[in-house]
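Shown next, in structure tokens, is the structure this report addresses.
Count residues from 1 along the sequence.
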Amino acid sequence: MTILNCSATTCIYNKDQLCSKGAIEVAGSTARCADETCCQSFREQGNDSVTNSAGSQCGCEKINIDCKAKECTYNEHCRCTAAAIDIAGHNACSCQDTKCSTFACKC
């Protein structure tokens, strides 16, 4: 599992910059830089399509990360192998407003 620090405080799963979802997906299959990635699991607070039960769970420091960023150094068979990552997204309104700041292109 990877240590996750998340600044997307507008996400329903964000609990004190930790994630309560249990596992996330980082998108960006053709990414060559961090700005071309995003947290596909991001859901904005107040979004009616997400149940209120998600908001009652506690945040986890370590989390499983399904990574679609094929060119990332830390991607091994679609799993993040970094010891720790940062998901950026201060004031994010959608997943496109987030990114994996730890992305490192092996290209």
Side-chain angles (χ1 to χ4, degrees):
M1 290 185 147
T2 300
I3 295 172
L4 174 72
N5 180 44
C6 180
S7 69
T9 56
T10 55
C11 180
I12 194 167
Y13 301 116
N14 189 304
K15 302 295 177 209
D16 299 320
Q17 299 204 2
L18 302 174
C19 187
S20 66
K21 188 165 186 327
I24 65 167
E25 180 180 320
V26 173
S29 62
T30 61
R32 310 227 357 118
C33 65
D35 287 339
E36 296 173 346
T37 66
C38 70
C39 178
Q40 191 69 42
S41 303
F42 175 90
R43 297 294 178 268
E44 187 177 19
Q45 292 175 7
N47 185 339
D48 292 335
S49 67
V50 179
T51 62
N52 289 337
S53 64
S56 64
Q57 299 174 10
C58 63
C60 299
E61 181 178 84
K62 292 186 177 184
I63 193 166
N64 287 317
I65 300 170
D66 181 24
C67 181
K68 302 300 185 204
K70 297 174 191 173
E71 293 298 322
C72 183
T73 301
Y74 303 110
N75 185 328
E76 189 171 305
H77 305 293
C78 293
R79 291 284 179 218
C80 181
T81 61
I85 72 163
D86 292 311
I87 297 293
H90 187 69
N91 293 325
C93 295
S94 70
C95 67
Q96 287 79 20
D97 297 330
T98 66
K99 70 178 178 181
C100 177
S101 297
T102 309
F103 177 90
C105 192
K106 59 185 172 188
C107 46

query: Can any side-chain N or O of D86 pair as donor or acceptor with the backbone N or O of S101 at less than 3.5 Å?
result: no
message: Please find the pair of heavy atoms, one from K15 and one from G59, that lie closest to each other, and give the distance.
response: CB-N, 3.6 Å
message: Do V26 and C80 make a side-chain contact, defined as non-hydrogen atoms from C-beta onward lying under 4.5 Å apart?
response: no
- prompt: Got a second to check how far L18's CG is from E61's CD, nearest 0.5 Å?
  reply: 6.5 Å
Check: A92 main-chain N/O paired with T10 side-chain donor or acceptor under 3.5 Å: yes
query: About how many Å separate CG of L4 and CG of N64, when rounded to the nearest 0.5 Å?
result: 11.0 Å
query: If we only count heavy atoms from C-beta on, is the D66 to C78 side-chain gap below 4.5 Å?
result: yes
query: How long is the span from the OH atom in Y74 to the OG1 atom in T2, to the nearest 0.5 Å?
result: 10.5 Å
Heavy-atom pair of closest approach, residues T37 and C100: OG1-N, 2.9 Å
message: Quick check: do C6 and C19 have side-chain heavy atoms less than 4.5 Å from each other?
response: no
Single-linkage hydrophobic cluster, 4.5 Å side-chain cutoff, Y13 and I63 together: no
task: Answer yes or no: is there a donor N or O on one side and an acceptor on the other, between the side chain of E36 and the main chain of A69, under 3.5 Å?
output: no
statement: Tightest non-hydrogen contact, residues A84 and T102, listed as O-CG2, 3.7 Å
message: What I'd like to find out is whether the side chain of I24 reaches to under 4.5 Å of the side chain of Q40, using heavy atoms alone.
response: no
- request: Would you name the heavy atoms of S7 and G89 that are closest together and state the gap between them?
  value: OG-N, 3.1 Å
- prompt: Got a donor-acceptor contact below 3.5 angstrom from the S29 side chain to the K68 backbone?
  reply: no
Joint cluster assignment, I87 & F103, ILVMFWY side-chain distance < 4.5 Å: no
task: Provide the closest heavy-atom pair for S41 versus A23 in the form atom of the first, atom of the second, distance.
output: OG-O, 4.3 Å
query: Do side-chain atoms of T98 reach the backbone of C39 as a donor and acceptor pair under 3.5 angstrom?
result: yes
- prompt: What are the two closest non-hydrogen atoms of C107 and E71, and how far apart are they?
  reply: CB-OE1, 4.1 Å
